[in-house]
A.B. asks: 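Please read through the structure below; I'll follow up with questions.
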Amino acid sequence: MSQTESWSAAATRFLNRFHARMAARSRPALGFVSQQEPRSTGSFAKGRQLCAGNLMFAGHLVEAPDAMIWDLDTPDAAWEEEIHSFRWLDDLAAAGDARARGVAQTWLWGWIARYGSGKGAGWAPELAGRRLIRSIQHALFVLRGIDSEKSGDFYRALACQTIFLSRRWQSSAPGLPRFEALTGLLYAGLSLEGMGAYVEPARRALGAECTRQVDAQGGIPTRNPEELLEVFTLLTWAQAALEEADAVPDDAHLAALGRIAPTLRALRHADGGLARFQGGGRGLDGRLDQALAASGSRRRQAEGLAMGYARLSAGRTSVIVDAAPPPGGRASADAHASTLAFELTSGRRPLVVSCGSGAVFGEDWRRAGRATPSHSTLCLDGYSSARLAPPRRVGGVERELLEDAPQNVPVEIGQASDGLRFEGGHDGYRTTHGLTHARILELTFDGRGLVGEDLLMTLTDVDKKLFDRRMDAVKLSGLPWQLRFHLHPEVDAELDMGGNAVSLALRSGEIWVFRHDPGPELTLEPSVYLEKGRLRPRAAKQIVLSGRAMEYATRIRWSLAKAQDTAIAVRDLATDEAEPTH
């Protein structure tokens with residue numbers, strides 16, 4: 001990290017603290033002029049766990065019955081950020097009983113007593129935005145049975161955070177953090193007495209941010225599908241709040257909603273979950289449907305890429321491919337080296353997946369989840385298709401941006417003789433090995449089969465010379481490659497046909513079979529499935545084809561197909577059990 005970056009981060013923290021203290025001295029709001037409807041949904045089960053003292057945030061479980069959450073030692077910065085965001089209010093409100101209300105009131109007024117005067121942690125614009133949204137949405141829940149003195153403290157804290165946001169929202173990182181800050185400011189301006197002057201600036205700023213951050217295809221710079229859903233959700237909340245107050249959202253705000261909705265539809269698998277690429281997960285259950293319904297948009301994505309992802313869909317099967325260069329610059333702080341990786345879902349059962357983001361399990365898992373071997377694609381000679389740069393400070397924390405990433409990713413989507421066809425390539429290994437990776441995927445019209453072909457090839461004389469130097473360095477033994485297919489934890493996989501195929505059984509009763517052309521070695525190896533809300537990574541398996549590139553062109557052919565005796569339509573009503581947290 002450079003001295004300039006260090007100074008800038010320190011200056012940001014100082015200014016946040018200064019304006020938080022100054023805002024605490026401002027004239028408080030006295031009450032609500034309008035009450036926003038609760039739109040953020042929590043988990044009833046997690047709310048009950050919180051009441052029982054099983055506190056799970058950012059991948060850490062702390063068992064502390066009847067404890068004041070602000071008195072606990074924080075395991076790491078991610079835990080601290082999550083508890084200061086007040087997302088736990090959603091879960092406690094979902095539980096909704098007297099005990100949950102008591103816990104919510106204890107924690108909320110505990111925060112006010114400790115931090116409400118502008119001191120201590122949690123004073124970042126995006127965190128203040130999240131707190132305001134949830135405090136206002138769940139105000140009726142937390143204010144029940146509270147005396148006038150405590151109510152005054154509550155309104156005073158909301159006013160303090162509103163004034164802080166009005167002065168510091170510009171310092172939040174572009175993208176989701178800034179949308180959170182501006183939506184919180186808009187909510188407060190519409191809801192609190194004496195804060196109406198902030199509505200118009202927030203409305204205009206939200207429109208300007210939509211213009212800057214949402215591109216013509218409805219994508220955002222990070223290319224994170226789950227983050228796009230969060231941005232979309234905030235914009236629908238802001239739209240509803242403005243319209244309920246007889247105000248009109250900015251034209252750019254409405255236009256962005258119209259562009260994002262079809263993109264999100266294209267990034268949704270057959271089971272309703274989002275593709276898990278570039279640091280994103282499948283999204284909270286029901287969040288996508290709720291946001292799409294609230295937006296009122298029924299547009300579908302036109303043919304081609306959606307935020308750099310290609311979608312093939314037929315029958316009950318969806319295939320989504322990362323078909324663009326990874327994000328660059330500051331937007332790559334959580335980006336993954338997943339170019340040309342794919343995911344496949346059959347009905348409501350994921351089959352081939354990405355390992356996902358390991359951020360909630362610590363830095364080692366976070367770094368591992370970003371590497372190419374954690375995705376269902378080809379990895380050459382132990383290299384990822386994009387490399388991690390030295391750490392630098394981004395948004396107040398140290399992050400490793402991507403560098404030496406693919407620049408040229410040509411893609412073509414069309415029809416084959418019996419299905420849909422994807423063709424793509426990337427140059428992520430060209431500067432290191434002289435090889436270009438190309439991938440062809442064909443999904444049959446009935447969705448029962450996927451045929452794949454992966455190629456490693458030199459394209460120019462310069463590439464051939466670099467490849468020759470690499471071969472000389474390994475004494476002509478060849479450059480090792482692995483083609484990985486990560487499987488969902490609920491897929492039962494077994495080697496079959498004398499080790500020449502893999503049978504894949506889904507809980508729906510479907511059977512898929514993986515086969516490949518002779519040549520590569522086929523193995524079934526351990527893998528992991530990384531997802532939020534879990535205490536630890538889930539054990540899974542991966543199919544691995546491995547071999548060595550010996551010539552200027554290497555071709556690997558493989559297929560995934562439903563077994564012939566698998567029914568066309570499977571009645572799949574099985575329910576999944578949540579992981580216990582105690």
Side-chain angles (χ1 to χ4, degrees), residues 34 36-41 85 87 90 125-134 136-137 162 165 169-170 172-191 198-268 274 280 283-284 286-301 306-307 331:
S34 66
Q36 299 298 328
E37 176 186 349
R39 293 185 172 87
S40 53
T41 55
S85 73
R87 286 200 175 106
D90 293 338
E126 60 271 21
L127 294 181
R130 294 174 203 166
R131 284 196 299 271
L132 279 171
I133 292 170
R134 283 158 179 82
I136 292 171
Q137 286 188 351
T162 303
L165 263 185
W169 67 262
Q170 297 95 332
S172 57
L176 179 58
R178 189 163 295 177
F179 281 110
E180 290 173 325
L182 286 171
T183 303
L185 181 60
L186 183 69
Y187 255 57
L190 291 168
S191 303
Y198 300 124
V199 172
E200 184 58 21
R203 187 189 74 88
R204 290 198 308 268
L206 203 55
E209 197 65 18
C210 287
T211 300
R212 282 191 293 266
Q213 294 295 317
V214 183
D215 63 26
Q217 287 74 44
I220 55 176
T222 61
R223 297 189 56 236
N224 180 329
E226 187 177 22
E227 185 172 313
L228 181 66
L229 172 58
E230 292 301 314
V231 169
F232 184 69
T233 299
L234 289 168
L235 292 178
T236 61
W237 290 352
Q239 177 192 17
L242 284 164
E243 291 176 348
E244 287 170 4
D246 295 325
V248 180
D250 191 89
D251 289 343
H253 178 168
L254 297 176
L257 285 171
R259 296 195 302 274
I260 295 174
T263 298
L264 283 172
R265 288 191 172 97
L267 299 178
R268 180 166 56 174
L274 290 169
L284 293 174
R287 173 66 65 85
L288 179 53
D289 289 328
Q290 184 183 41
L292 289 171
S295 74
S297 174
R298 301 185 182 278
R299 286 180 53 209
R300 294 278 175 179
Q301 180 71 28
M307 202 167 70

A.B. asks: Between I136 and S191, which heavy-atom pair has the shortest distance, and what is it?
C.D. replies: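 Minimum heavy-atom separation between I136 and S191: CG2-OG, 3.6 Å.
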
A.B. asks: Which value, rounded to the nearest 0.5 Å, describes the distance between I260 atom CD1 and L228 atom CG?
C.D. replies: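 It is 5.0 Å, given to the nearest 0.5 Å.
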
A.B. asks: With a 3.5 Å distance limit and no angle check, can you tell me whether R203 reaches the backbone of L186 through a side-chain donor-acceptor pair?
C.D. replies: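 A pair under 3.5 Å: no.
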
A.B. asks: Which heavy atom in T263 sits nearest to a heavy atom in A306, and how many Å separate them?
C.D. replies: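 That closest heavy-atom pairing would be CG2-CB, 4.1 Å.
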
A.B. asks: Give the minimum heavy-atom separation between G207 and A252, together with the two atoms involved.
C.D. replies: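 Looking at all heavy atoms of both residues, the shortest contact is O-CB, 3.3 Å.
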
A.B. asks: Test side chain to side chain contact (heavy atoms under 4.5 Å, CB included) on L206 and L234; report intermediate values, then the result.
C.D. replies: CA-CA 10 Å; L206 203 55; L234 289 168; over 6 Å; no

A.B. asks: Could you grab the distance from atom CG of L176 to atom CD of E227, nearest 0.5 Å is fine?
C.D. replies: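 Taking CG in L176 and CD in E227, the distance rounds to 5.0 Å.
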
A.B. asks: Show me the donor-acceptor pairs, under 3.5 Å and distance only, between side chains in residues 286-294 and residues at least two apart or in other chains.
C.D. replies:
residue : atom : partner : partner atom : Å
R287    : NH1  : E230    : OE1          : 3.2
R287    : NH1  : E230    : OE2          : 3.1
D289    : OD1  : R268    : NH1          : 2.6

A.B. asks: Can you name the nearest heavy-atom pair linking L267 to P225, along with the distance?
C.D. replies: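 Nearest pair, atom of L267 first, then P225: CD1-CB, 4.0 Å.
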
A.B. asks: Could you go step by step and tell me if L132 and L185 meet the side chain to side chain contact (heavy atoms under 4.5 Å, CB included) rule?
C.D. replies: CA-CA 8 Å; L132 279 171; L185 181 60; 6.0 Å; no

A.B. asks: Quick one: OG on S40 to CG on L284, what's the gap to the nearest 0.5 Å?
C.D. replies: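 Nearest 0.5 Å value for the OG-CG distance: 10.5 Å.
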
A.B. asks: Treating T183 as the side-chain partner and E180 as the backbone partner, does any N or O pair qualify as donor plus acceptor under 3.5 Å?
C.D. replies: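 Not confirmed, T183 side chain does not pair with E180 backbone.
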
A.B. asks: Would the distance check show the side chain of R204 and the main-chain N or O of D250 forming a donor-acceptor pair, the cut-off being under 3.5 Å?
C.D. replies: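 No, because the side chain of R204 does not come within donor-acceptor range (under 3.5 Å) of the backbone of D250.
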
A.B. asks: Side chains of E126 and S85: closer than 4.5 Å at any heavy-atom pair?
C.D. replies: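 They are not in contact (no side-chain heavy atoms under 4.5 Å apart), so the answer is no.
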
A.B. asks: Taking the side chain from H253 and the backbone from C210, do they hold a donor-acceptor pair closer than 3.5 Å?
C.D. replies: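 Between the backbone of C210 and the side chain of H253 there is no qualifying donor-acceptor contact (under 3.5 Å).
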
A.B. asks: Side-chain donor-acceptor contacts of residues 240-247 below 3.5 Å, not counting sequence neighbours, with atom names and distances?
C.D. replies:
residue : atom : partner : partner atom : Å
E243    : OE2  : Q239    : NE2          : 3.3
E244    : OE2  : R39     : NH2          : 2.5

A.B. asks: If you take all heavy atoms of V199 and L190, which pair is closest and at what distance?
C.D. replies: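 Result for this residue pair: CG2-N, 3.6 Å.
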
A.B. asks: How far does CD of Q213 sit from OG1 of T222, to the nearest 0.5 angstrom?
C.D. replies: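 Going from CD on Q213 over to OG1 on T222, the span is 8.5 Å.
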
A.B. asks: Closest heavy-atom contact between A181 and L165?
C.D. replies: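 For A181 and L165, the tightest heavy-atom pair comes out as O-CD1, 3.4 Å.
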
A.B. asks: Could you tell me the separation between the CH2 atom of W237 and the CZ atom of F232, rounded to the nearest 0.5 Å?
C.D. replies: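 Atom-to-atom, W237:CH2 and F232:CZ are 12.5 Å apart.
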
A.B. asks: Say you draw a straight line from CZ of R223 to CG of D215; how long is it, rounded to the nearest 0.5 Å?
C.D. replies: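 CG of D215 is found 10.5 Å from CZ of R223.
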
A.B. asks: Donor-acceptor pair, distance only, cut-off 3.5 Å: does the side chain of R178 make one with the backbone of Q170?
C.D. replies: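 Yes, R178 side chain to Q170 backbone: donor-acceptor pair under 3.5 Å.
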
